[in-house]
Amino acid sequence: MAAAAIGLVLLPAGTAEADDGQWSVLPAASTIGTRPCFYLAAAPGQRVTDAVTLTNRSDHPRTFRLYAADAYNTARDGGFAVRGPDEPRRAAAAWTRLDRERVTVPARGTVGVGFTLTVPDRAEPGDHPGAVVALEERPEAAGGPGAADAATGIGVRQAVAARMYLRVTGPTAPALAVGDVTVHRRGSAAEISYTLHNTGNVTLRPRAGLTATGALGRRLLDRGLTGLPAELLPGQEVRLATRWDGPPDVEWAQVTVHARADGSTAQGRAAYAAHPPLAALLAVVALVWSALGAASGRMARMSDRSPESTAPHRAGFACFVGRPNAGKSTLTNALVGTKVAITSNRPQTTRHTVRGIVHRPDAQLVLVDTPGLHKPRTLLGERLNDVVRTTWAEVDVIGFCLPADQKLGPGDKFIAKELAGIKKTPKIAIITKTDLVESKQVGEQLIAVHQLAEELGFEWAEIVPVSAVGDSQVQLLADLIAPLLPESPPLYPEGDLTDEPEMVMVAELIREAALEGVRDELPHSIAVVVEEMIPRENRPADRPLLDIHANVYIERPSQKGIIIGPKGSRLKEVGMKSRKHIEALLGTPVFLDLHVKVAKDWQRDPKQLRKLGF
C-alpha cells in the first residue's frame, strides 16, 4: 500500500477562506455575514458553541477527519502553523469538542459541523490561538487522481484549517523580549541574528529596528527590520537574521536591535569589532585626525591672516586627474564659479584639457580639467591618456579625485602608482561627491586613501573631502592649493575665466546636450565640430543674431536615427537645450543649425581624429 504524506495548507491571517481550490473550511456564517476566522471570547468556566462549514467543489465526494489543534510560530520564519492530529493538545485544542470527527461532503455540496469550547475554571487569561482542521481521509497520489492505489504511488493527505483566536477574559500583559543578539562577519557584509520572544499572554504584532553606533558615538547604521512574523503568539519565540552591507573594516561598534509591540518595548545588544576594540579605536582616531586635522588647521591659519598681509602673490597651474566620472569637471566649474567644462554622468565626457581660472587677492589658480585616465580601447582613448600624462608632467600641483561613493578600485590604484613616480610635484587627494554618502563612508574613504599612499611610499600634501554640488569645502580646497603654487604675478587678465576658444566651448555645450538620454556605446561615438559662427547681416543693432552652424558626428549610419529621433524630435531637443547655454555663454541670441553626419569609426581612424581636432 502506498505511503501517505500529510501536508497542512494554512492561509495568512485575514484571508477570507481557508481553501485549497477544491474544498474549503471556514467558520459558519453568522447573522452579520461570513467570517474569515473564529474570534471567540470567554471567561474561565464559560462554554461557547459555534460551527464550521466544509464545502466540496469537486465532482466526487470527499471524506475528512476533523480535529481541533493548537497554533504556534514556525522556527523558519515565524509563520502561523498548527499541530498535527496526533500531537498533544493543550489550551484551545484540548477544550474543544466537535460534534462529528469524520464527515463526508457530497460532490458540489456543503456540510456544517458544530463544536463546543469549554474554558476551564482555572484557565490562564489572555490569548489561546488554535484552529479547526479538516484533514482529507483518502490521500490523493502525487501522480493524479486514483494513483494512490498504485504500488509506487505516494499519497498526499491535505489539510485546511480555519483559524481560531480565543481570548480568555482577565488581566492581559503584553511583553516582548529581544535576546541572543550576535554579529558575524561574512565577507564584505555582516550577519546579525537575534531572537524575538513573546513573554506575555496576548498575541503581538512586532515592529523592530536596527542601529549600530561607532566608537566615538558615530551612527553607522539606522534602519527598520523586515521579515518579522505578522503575529507572534504568546509564549513563542523566533530566531531571525538580517544582513548589514559594508560594515567598517576597522571599527568597534555596538549593535542594537529595538523591538516594540502593543505598548511593549525591548532591545538587545551585541558588540562588533573587525579588530581588537582598542586597536580599532586608535586606528580610526589617528587616521581620521591625520587626514582632517591638517586641512582644518591650515584653514584656521589662513583665516587668521590679516588683509594687510605682505605674502607674495602666487600663480600657477593645478590639474585634476582621476578615472572617468570622478567629478573633475563639476569640481572645476564649482571653483571657477561658472560653467567652463561640460558635465555628464557618462564616463569619459571630457576629451581635452579645459582651463578654468580662479582669481583671488593672494593667488591666481589656473585649473586644468583632464580626461579620465582609463584602459584605452581605441586610438582616441590612447590619445586622451597621453593628454593626461603630458598635463600632470607640466603643472605645479596635482589633484587626484576619488569619489566618496565608490571604494578604491584597480583604476585608482593604477593612477596612484603613476603619481608616486612624480617626485617633486605636490599631490592633493580630493575625496569628491561627499554629498552622496554618510560621514561614516567619507571617513572610511579618507582612511583608505591615506593607506594607499603609505603602501606606494609617498605622502599626500593634503587630503580633503569636498562636495562640488553641495558647495562643501570647495573654498577650503582653493585655500589648500594656493600656497603650493609658485610666486608669480597673475598669468591671465582679471575677469578671464577660461582660455577656451568660443567655438570649442560651443561645440562642447552641443555635445553635452547630445549625451543626455543615450546609452551603451553611443556616448563615446558622438563628436561635435562648429563649422562657423557668423553674425547675421542686416539685423537691427538692438536685435543681433548669431548664426552657428555645427555638425554632430557619429560612427555608424545606424546611430543617426537615434540622434535625430522620430521626425527630428531628439535633434530639436538637443538644439533647444544647448542654445540656452550658448546664449548665456556668448551673451547674444543664437540661431543654431545642426546636422548629423557619419564619420565611420572615427575613434580608431587617425585621419578622422585629426579632422575632429584630436
Side-chain angles (χ1 to χ4, degrees), residues 287 290-291 294-295 298 314-329 331-332 335 341 347-356 365-404 406-433 444-466 477-478 480-488 491 614:
L287 290 175
S290 68
R298 284 180 181 268
R314 297 178 180 273
F317 294 84
C319 74
F320 293 145
V321 301
R323 53 187 167 87
N325 210 22
K328 302 180 294 294
S329 298
L331 181 58
T332 300
L335 283 161
Q348 301 172 33
T349 299
T350 303
R351 286 182 175 161
H352 64 284
T353 56
V354 178
R355 294 179 179 177
L365 284 60
V366 183
L367 306 175
V368 186
D369 178 27
T370 64
L373 197 66
H374 63 289
K375 184 177 181 179
R377 296 186 298 169
T378 63
L379 180 58
L380 172 64
E382 293 176 6
R383 291 190 177 180
L384 295 183
N385 282 352
D386 291 342
V387 168
V388 178
R389 293 187 173 96
T390 300
T391 300
W392 71 30
E394 297 175 346
V395 297
D396 303 297
V397 180
I398 299 173
F400 183 18
C401 295
L402 303 113
Q406 302 171 33
K407 292 186 177 181
L408 299 186
D412 299 312
K413 295 175 182 177
F414 174 77
I415 297 172
K417 188 174 181 180
E418 292 209 15
L419 293 179
I422 305 172
K423 302 298 184 182
K424 295 183 179 180
T425 307
K427 295 166 279 290
I428 298 177
I430 306 168
I431 312 302
T432 59
K433 305 184 181 183
E444 292 170 359
Q445 193 77 324
L446 291 169
I447 293 170
V449 171
H450 177 92
Q451 292 175 335
L452 177 62
E454 283 189 338
E455 293 169 2
L456 296 174
F458 73 96
E459 290 186 4
W460 302 111
E462 305 285 356
I463 304 177
V464 56
V466 303
L477 177 60
L480 297 176
I481 293 174
L484 300 176
L485 300 176
E487 296 181 13
S488 169
L491 303 175
F614 299 103

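Note: Glu455 CD to His450 NE2 = 10.5 Å, rounded to the nearest 0.5 Å. Between the CG atom of Asp412 and the CZ atom of Arg323 there is a distance of 4.0 Å, given to the nearest 0.5 Å. In this structure, OG1 in Thr425 is found 11.0 Å from CD in Glu394, a value given to the nearest 0.5 Å. Considering CG of Leu408 and CD of Gln451, their distance stands at 9.5 Å, rounded to 0.5 Å.
The minimum heavy-atom distance between Pro403 and Ala326, with the atom names listed, is CG-CA, 3.8 Å. Among all heavy-atom pairs drawn from Ala315 and Leu491, the shortest one is CB-CG, 4.0 Å. Shortest non-hydrogen contact noted between Pro486 and Gly316 is CD-CA, 4.4 Å. Between Ala478 and Leu335, the shortest heavy-atom contact is CB-CD2, 3.9 Å. Residue Ile428 comes nearest to Trp460 through the heavy atom pair C-CE3, 4.1 Å, listed as atom of the first residue, atom of the second, then distance. Counting all heavy atoms, side chain and backbone alike, Gly322 lies closest to Ile415 at C-CD1, 3.6 Å.
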Q: Could you go through the side-chain contact (heavy atoms from CB on, under 4.5 Å) check for Ile430 and Glu462 one step at a time?
A: CA-CA 8 Å; Ile430 306 168; Glu462 305 285 356; over 6 Å; no
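The closest side-chain heavy-atom distance from Lys433 to Gln445 is not below 4.5 Å. Residues Ser488 and Leu485 fail the side-chain proximity criterion, which asks for heavy atoms closer than 4.5 Å. Using a 4.5 Å heavy-atom cutoff, the side chains of Ile398 and Ile422 are in contact. Looking at heavy atoms from C-beta onward, Thr432 lies out of side-chain contact with Phe320 at the 4.5 angstrom threshold.
Between the side chain of Asp396 and the main chain of Phe317, a donor-acceptor pair closer than 3.5 Å is present. Counting only distance, with no hydrogens or angles, the side chain of Lys328 and the backbone of Val368 share no donor-acceptor pair below 3.5 Å. Judged by distance alone, with hydrogens and angles left aside, the side-chain atoms of Lys423 form a donor-acceptor pair with the main-chain N or O of Ala420 at under 3.5 Å.
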